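Notes follow the structure.
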2 protein chains.
Amino acid sequence: MDLKDYLKKKGLKLTKQREKIITHFLNKDKHFSAEELYNAMKKRMPGVGYATVYRTLNLLVRAGLATKISFGENITRFEPLHRNEHHDHMVCIGCGKIVEFKHPKIERLQKEVARRYNFYTQSHALELYGYCKKCRKKNISKEKK
Amino acid sequence: MDLKDYLKKKGLKLTKQREKIITHFLNKDKHFSAEELYNAMKKRMPGVGYATVYRTLNLLVRAGLATKISFGENITRFEPLHRNEHHDHMVCIGCGKIVEFKHPKIERLQKEVARRYNFYTQSHALELYGYCKKCRKKNISKEKK
DNA sequence: ATTTAATTGAAAATGAAAATCAATATCAAC
DNA sequence: GTTGATATTGATTTTCATTTTCAATTAAAT
């Protein structure tokens with residue numbers, strides 16, 4: 001875990017709260033909102049503060065172990081960042097389901113564009129918004145009524 | 001302008017405020033935050049309310065003439081949507097500059113992925129975050145010090 | 001063990017976006 | 001053009017996610 005390196009470098013401390021929050025966050029490979037993560041942690045550590053969850057999440061972002069993503073809702077979500085690996089998202093605006101996908105070819109083309117503009121890419125986000133198969137069907141039947 | 005069609009269909013009215021706000025928004029082809037647009041409108045129409053700007057912007061989204069985008073800051077931006085045409089963004093995390101680019105090949109590959117997942121795409125967002133040429137240089141010289 | 005500085009939880013503060021409401025404006029029907 | 005039903009407006013308040021503050025606590029280096 002290069003979190004410890006980061007903490008030491010910055011003169012920060014590894015507390016019980018941070019340890020537990022981070023472990024939970026990195027293991028469940030999901031897109032937590034601060035609230036969701038807070039609720040999950042409360043069970044394991046009654047007494048944790050909301051602010052601590054926020055602070056820890058932001059710490060992870062600063063350490064390069066997570067990113068903020070948005071998905072059109074107006075809350076921030078946090079996603080664990082496993083170095084090198086990257087995936088994009090399909091967000092169903094019907095049911096909220098999020099499907100991840102990888103597409104190396106798209107990634108390659110992105111790099112190509114960046115190069116063309118002399119742009120030094122550090123991260124990127126690609127989201128497709130639409131309807132999943134299920135919700136698509138629901139919509140069609142609704143229109144008929 | 002198919003805004004009028006939309007309004008009629010929905011039984012909504014075209015007010016002076018809406019007209020001016022929308023004209024301004026659609027003409028300046030930028031990424032307005034509600035605040036920026038509000039400030040711009042205040043000059044032309046002293047007395048406009050903040051809320052009206054928000055409402056109009058959301059109306060445009062509902063009408064399919066604009067989309068919300070995020071760019072990592074935690075405010076919502078709005079972007080005019082010219083049918084069919086689409087572009088993506090490169091956001092400089094140094095100076096905030098936003099460069100638009102088009103890449104039909106990437107668009108095509110996105111459609112392909114969606115089809116593979118039985119996903120019916122309605123819109124999408126692709127953002128590259130990094131440093132523009134200028135900021136890149138600045139960072140390098142900073143590191144040396 | 002002592003010291004120093006970072007961290008915590010609780011509560012208050014901030015700020016963007018949405019909701020409320022009385023007054024006003026739009027527009028279709030006459 | 002007048003009328004009337006209804007949508008819209010501006011001002012204000014409310015909501016809700018996120019951040020900040022601060023006194024008490026804790027990690028970790030000496």
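Labels below follow one simple rule: chain letters A, B, ... track the order of the sequence lines, proteins then strands, and each chain is numbered from 1. Quick caveat, the model's predicted, so the values are computed rather than measured.
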Checklist entry - Does a side-chain N or O from Tyr54(B) land closer than 4.0 Å to OP1 or OP2 of dA18(C), or not? => result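 So the side-chain polar atoms of Tyr54(B) never come under 4.0 Å of the phosphate oxygens OP1 or OP2 of dA18(C).
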
Next on the checklist: With a 4.0 Å limit, can you tell me whether Gln17(B) has a side-chain N or O closer than that to the phosphate oxygens OP1/OP2 of dA25(C)?
Outcome noted: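 Checking Gln17(B) against dA25(C): no side-chain N or O falls below 4.0 Å of OP1 or OP2.
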
Same cluster (ILVMFWY, side-chain, under 4.5 Å), [X] and [Y]:
| X | Y | result |
| --- | --- | --- |
| Ile106(B) | Ile69(B) | no |
| Met41(A) | Leu3(A) | yes |
| Phe119(B) | Val99(A) | yes |
| Leu59(B) | Leu26(B) | yes |
| Leu12(B) | Leu57(B) | yes |

Checklist entry - Hey, does His103(A) have a side-chain heavy atom less than 4.5 Å from the side chain of His86(A)? => result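 In short, these two side chains do not touch, never coming nearer than 4.5 Å.
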
Next on the checklist: Does Glu35(B) reach a base, just sugar-phosphate, or nothing at all? Heavy atoms under 4.0 Å.
Outcome noted: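 Contact class for Glu35(B): none.
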
Next on the checklist: For a quick check of understanding: with a heavy-atom distance under 4.0 Å over all strands, which category does Thr76(A) fall into, base, sugar-phosphate or nothing?
Outcome noted: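 It contacts sugar-phosphate atoms only.
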
Item to check | From CA spacing to verdict: ring pair (Phe, Tyr, Trp, His ring centres under 6.0 Å), Phe32(A), Phe78(A) | outcome: CA-CA 5 Å; Phe32(A) 280 106; Phe78(A) 294 81; 9.7 Å; no

Checklist entry - Given that Asn74(A) and Lys10(B) both sit by DNA chain D, which one's nearest nucleotide is further toward the 5' end? => result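 Closer to the 5' end of DNA chain D: Lys10(B).
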
Tell me: [atom1] of [X] to [atom2] of [N], nearest whole Å?
| X | N | atom1 | atom2 | value |
| --- | --- | --- | --- | --- |
| Glu19(A) | dA6(C) | CD | P | 20 Å |
| Leu57(A) | dT18(D) | CG | P | 9 Å |
| Tyr50(B) | dT14(D) | OH | C1' | 17 Å |
| Lys20(B) | dT8(D) | NZ | P | 19 Å |
| Tyr38(A) | dT18(D) | OH | P | 14 Å |
| Glu73(A) | dA17(C) | CD | P | 15 Å |
| Phe32(B) | dA16(C) | CZ | C1' | 18 Å |
| Ile22(A) | dT8(C) | CD1 | C1' | 15 Å |

Item to check | End-to-end axis angle, where each axis spans five pairs of the helix from dA1(C)-dT30(D) to dC30(C)-dG1(D), to 10° | outcome: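 The angle separating the two end axes equals 40°.
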
Next on the checklist: Would you call the rings of His87(B) and His31(B) parallel, tilted or perpendicular, taking 30° and 60° as the class edges?
Outcome noted: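 If you compare the ring of His87(B) with that of His31(B), the planes turn out perpendicular.
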
Checklist entry - Of all the choices, dT9(D), dA17(D), dT8(C), which nucleotide is nearest to the side chain of Ile75(A) once you look at every atom? => result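 Out of dT9(D), dA17(D), dT8(C), the nucleotide with an atom closest to Ile75(A)'s side chain is dA17(D).
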
Next on the checklist: Can you tell me which nucleotide in dT8(C), dT9(D), dA19(C) comes closest to the side chain of Thr52(B)?
Outcome noted: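 Among the listed nucleotides, the one closest to the side chain of Thr52(B) is dT9(D).
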
Item to check | Cation over ring face, Arg136(A) and Tyr120(B), 6.0 Å, 45° | outcome: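 Satisfied, under 6.0 Å and within 45°.
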
Item to check | Strand contacts (DNA chain D) in residues 39-48 of chain B, 4.0 angstrom heavy-atom criterion | outcome: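 Within residues 39-48 of chain B, the residues near DNA chain D are Gly47(B), Val48(B).
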
Next on the checklist: Can you confirm whether or not the ring centre of Tyr129(A) sits under 6.0 Å from the ring centre of His124(B)?
Outcome noted: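 Here the rings of His124(B) and Tyr129(A) have centres that are no less than 6.0 Å from each other.
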
Next on the checklist: For a side chain to side chain contact (heavy atoms under 4.5 Å, CB included) check, start with the C-alpha distance between Gln110(B) and Asp88(A), then their side-chain angles and the critical distance, and finish with the verdict.
Outcome noted: CA-CA 10 Å; Gln110(B) 285 177 17; Asp88(A) 298 307; over 6 Å; no

Next on the checklist: Using a 4.0 Å heavy-atom cut-off to protein, can you give one letter per nucleotide of nucleotides 22-30 of chain D, 5' to 3': B if the base is in contact, S if only the sugar-phosphate is, - if neither?
Outcome noted: -----BS--

Item to check | Verdict with supporting geometry, Glu107(A) and Lys102(A), salt bridge (charged side-chain N to carboxylate O under 4.0 Å, His left out) | outcome: CA-CA 9 Å; Glu107(A) 309 267 310; Lys102(A) 286 182 196 178; over 6 Å; no

